[in-house]
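Some notes on the structure that comes next.
Note that this is a predicted model, so its numbers are computed, not measured. Remember, it's 1-based here, ligands and their atoms both numbered in the order they're listed.
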Amino acid sequence: MNSPTVPGGAGHDRRGFLRRLLTGSLWVGLLSLLGGMMAFIFPPARQAFNPGRLSLRVGSVRDFAVGQGKQVLFDGRPVWVLYLPQGFVALSAVCTHQGCIVTWDEKRHLLNCPCHAGVFDASGNVVAGLPLRPLPRWRVEIVGDEVFIGKEG
Ligand code: FES
């Protein structure tokens, strides 16, 4: 038994399909355009810090107590990451006199060099001893709850 034929059925189906295809394409295009406009008007939050090749995650903020320091290796060089009442500071741990490794005094908030009694404050400035230059600083960024250090500049 043959199914009844609808006059113009095949052409009608083809036109309907093409109409739906065209309408769907227009909607997809319109939504893409709106999405692009919304992304332009309301840009997504960007990370203030790009943890690229020359950056290092040193831990979570929760890992530090105020006054505490943590020595890490960055690019093969020792760096002190200090959590001070005013925030994080990262300083080279290499004394600028003759290259000995300074230690962090949590109680006095000073960096002491064991070789010739050089002393630096928590900003890296020379306080006493033979060093003539301050300790180089490193950039510190907090991304979410994570602490990163990177090269200045
Ligand atoms: S190497 Fe640090 S004071 Fe001399």
Side-chain angles (χ1 to χ4, degrees), residues 14-153:
R14 205 173 304 135
R15 275 194 300 273
F17 171 74
L18 289 174
R19 189 176 300 127
R20 284 192 300 273
L21 183 65
L22 180 62
T23 303
S25 298
L26 287 174
W27 274 108
V28 168
L30 182 63
L31 290 175
S32 297
L33 183 66
L34 282 174
M37 288 171 61
M38 294 304 281
F40 179 76
I41 294 169
F42 305 105
R46 293 179 189 199
Q47 287 189 334
F49 186 66
N50 178 16
R53 188 173 65 85
L54 290 178
S55 66
L56 176 71
R57 177 189 173 278
V58 295
S60 166
V61 172
R62 290 171 301 200
D63 298 340
F64 290 85
V66 175
Q68 189 181 23
K70 178 179 183 180
Q71 195 180 118
V72 297
L73 275 182
F74 184 101
D75 210 16
R77 288 173 277 178
V79 175
W80 275 107
V81 181
L82 311 173
Y83 187 31
L84 304 169
Q86 62 270 26
F88 281 92
V89 173
L91 300 167
S92 169
V94 180
C95 180
T96 55
H97 178 229
Q98 286 185 355
C100 292
I101 304 303
V102 298
T103 58
W104 173 238
D105 181 337
E106 283 187 24
K107 289 191 174 124
R108 296 172 49 219
H109 285 195
L110 294 172
L111 294 143
N112 300 308
C113 180
C115 295
H116 311 103
V119 181
F120 302 86
D121 67 16
S123 295
N125 301 310
V126 178
V127 173
L130 298 176
L132 298 176
R133 292 174 288 117
L135 295 172
R137 289 180 75 110
W138 296 75
R139 188 167 40 114
V140 178
E141 294 283 341
I142 311 297
V143 180
D145 186 41
E146 306 295 319
V147 183
F148 291 86
I149 60 171
K151 287 193 170 176
E152 282 286 0

List-wise, which protein N, O or S atoms are found short of 2.8 Å from atom 4 (Fe) of ligand 1? His97 ND1, His116 ND1

Name every donor-acceptor pair, under 3.5 Å, that has one atom in a side chain of residues 61-72 and the other anywhere in the protein, sequence neighbours excluded.
| residue | atom | partner | partner atom | Å |
| --- | --- | --- | --- | --- |
| Arg62 | NE | Ser60 | OG | 3.2 |
| Arg62 | NE | Asp145 | OD2 | 3.0 |
| Arg62 | NH2 | Ser60 | OG | 3.4 |
| Arg62 | NH2 | Asp145 | OD2 | 3.0 |
| Asp63 | OD2 | Ser60 | N | 2.9 |
| Gln68 | OE1 | Ala65 | N | 2.9 |
| Lys70 | NZ | Val58 | O | 2.6 |

Under the salt bridge (Lys or Arg N to Asp or Glu O under 4.0 Å) test, residues paired with Asp121 that sit two or more places apart: none

State which residues pass side-chain contact (heavy atoms from CB on, under 4.5 Å) with Arg77; sequence neighbours excluded, sorted by chain then number. Asp75, Trp138, Lys151

Are more than 12 heavy atoms from other residues, nucleotides or ligands located less than 6.0 Å from atom CG of Leu132? no

Heavy-atom distance under 4.5 Å between the side chains of Trp80 and Leu135, does that happen here? no

Below 2.5 Å, is that where the SG pair of Cys95 and Cys100 sits? no

